[in-house]
Undergrad: 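Below is a structure I'd like to ask you about.
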Amino acid sequence: MEIWQSIQAGPGALLLAAIGGSAPEVWQQFVAGMQQTSLLEYIAVVAGIVSVWYSRKEDILVYPIGLISTTIYVYLSFKYHLIGEASVNVYYTILSVYGWVLWARKNKQEEHVLHITFSDQRQWGQQLAFFGVLYVVIYFCLVYLKEAFYEGVIPWADAFASATAYTGMWLMARKKVESWYWWIATNIASMPLYFVKGLVFSAVFYFILLVMAFAGLVEWKRRASRQKVYMSEPA
C-alpha cells in the first residue's frame, strides 16, 4: 500500500519507493510476484526478449515473434488497468505488420531497400513533436479513464511509458538508430510501473530489455556508420 501511494504521488516518490524507500517490502513483493506469475506472462516475456534479440541483429523475425508478445500483453494490460500500455501493444501489433512489410521489401537486385540510418535534425524534431503530442493526448485520456472506469490507472507514468514506446516502434519500423533511445526511456519507465501492478516478471523483463536496448544502440550505431561509409564511396 505504501508503494502504491508513492506511485500516485509522482515521479520522485515512485523512484524512492521502487528503488530504496522500503527494501524489505519491495523484496517481499518481488518474491510474491514471481511466484504468482502466470504462464501467459512467461510466454509474453520470453517472446519479447527473443524479439528484441532479433531486432538488434536486424533480423526480420523480430516481427512475427514480437506479435506473440504484444497480443498477450494487450490482454494483460487491460486486466491490470494499464490502459496506456494496452494501447501501446495494439499499436505494436499494427506497426509490426507495417515494419514487417518495410523490412522485407527488396529491389530488382534482390537487395533489401531499407537500411539502418541516423536521424537528421528535421527528423529529430519530428520525433520530439510526435512524442509530445502523444504524451499530452494519452495523459488526458488516462485521466478521464481513471475517473470514469479504471481507478487503478496511473496517468503520468503510463502516458510517458506509452508515448516513448509509440515513438520507438515508429522509428524501429523505419530502421532509425534513435529508436533505441526511446526504447531505453520506455524500459526505465515500465519497470516500476509493472512492478507495483504485481506483474513482477514483466518488471524483470523490462530490466532485461533495458540492458538489451543499450546493446542494440551500440550495434545499430555501428551498422549505420558502416552503411554511411558504404553509401559515400564512389560507385
Side-chain angles (χ1 to χ4, degrees), residues 1 3-4 6-8 14-15 17-19 25-56 61-97 99 138 142 145-146 149-155 157-166 168-169 172 182-216:
M1 181 63 67
I3 296 177
W4 173 252
S6 297
I7 267 238
Q8 296 284 12
L14 168 59
L15 187 63
I19 297 178
E25 184 180 348
V26 170
W27 175 250
Q28 289 174 6
Q29 186 175 349
F30 173 79
V31 173
M34 288 296 288
Q35 292 172 343
Q36 296 168 8
T37 299
S38 66
L39 177 61
L40 269 181
E41 190 177 351
Y42 275 114
I43 294 172
V45 166
V46 172
I49 291 172
V50 173
S51 175
V52 173
W53 174 260
Y54 278 122
S55 68
R56 177 191 167 193
L61 285 174
V62 56
Y63 290 114
I65 295 175
L67 282 168
I68 298 172
S69 180
T70 59
T71 51
I72 293 174
Y73 268 114
V74 169
Y75 166 74
L76 291 176
S77 297
F78 274 115
K79 182 178 179 180
Y80 290 92
H81 293 190
L82 292 167
I83 310 305
E85 289 293 291
S87 71
V88 166
N89 282 287
V90 171
Y91 174 80
Y92 279 174
T93 303
I94 297 171
L95 262 287
S96 290
V97 177
I138 295 172
L142 291 176
L145 288 172
K146 179 181 176 66
F149 303 106
Y150 295 98
E151 185 180 345
V153 169
I154 310 165
D158 206 349
F160 181 83
S162 301
T164 52
Y166 270 96
M169 190 66 181
M172 192 183 83
W182 294 100
W183 288 133
I184 288 169
T186 298
N187 297 329
I188 291 173
S190 296
M191 283 188 292
L193 191 59
Y194 277 89
F195 185 85
V196 298
K197 288 292 188 175
L199 294 168
V200 175
F201 193 46
S202 291
V204 175
F205 166 50
Y206 278 102
F207 174 75
I208 295 171
L209 293 188
L210 177 62
V211 175
M212 295 179 73
F214 280 109

Undergrad: Once you round to the nearest 0.5 Å, how far does CG of Leu142 lie from CG of Asp158?
TA: 5.0 Å
Undergrad: Of all the heavy-atom pairs spanning Ile138 and Ser162, show the shortest one and how long it is.
TA: CD1-CB, 3.9 Å
Undergrad: Write down the atom of Tyr63, the atom of Met169, and the distance for their closest heavy-atom approach.
TA: CE2-CE, 4.1 Å
Undergrad: Might you point out which heavy atoms bring Ser55 and Val62 nearest each other, and give the distance in Å?
TA: CB-CG2, 3.5 Å
Undergrad: Under the rule for side chain to side chain donor-acceptor pair (under 3.5 Å), what residues qualify as partners of Trp182, not counting sequence neighbours?
TA: Gln127
Undergrad: Please determine whether the number of non-hydrogen atoms from other residues, nucleotides or ligands lying under 6.0 Å from atom OH of Tyr91 exceeds 12.
TA: yes
Undergrad: Can you name the nearest heavy-atom pair linking Trp183 to Ala213, along with the distance?
TA: CB-CB, 4.4 Å
Undergrad: Taking side chain as C-beta onward, heavy atoms only, is Tyr206 less than 4.5 Å from Leu193?
TA: no
Undergrad: Phe160 and Ala185: which non-hydrogen atoms are nearest, and at how many Å?
TA: CE2-O, 3.9 Å
Undergrad: Show every donor-acceptor pair shorter than 3.5 Å between a side-chain atom in residues 68-75 and any protein atom, with sequence neighbours excluded, or say none if there are none.
TA:
residue	atom	partner	partner atom	Å
Ser69	OG	Ala44	O	2.8
Thr70	OG1	Gly66	O	3.3
Thr70	OG1	Leu67	O	3.2
Thr70	OG1	Thr93	OG1	3.2
Thr71	OG1	Leu67	O	2.9
Thr71	OG1	Ile68	O	3.0
Tyr73	OH	Ser202	OG	2.6

Undergrad: To the nearest 0.5 Å, how far apart are CD1 in Ile184 and CZ in Phe214?
TA: 4.0 Å
Undergrad: So, the side chain of Ser190 versus the backbone of Asn187: is there a donor-acceptor pair under 3.5 Å, distance only?
TA: no
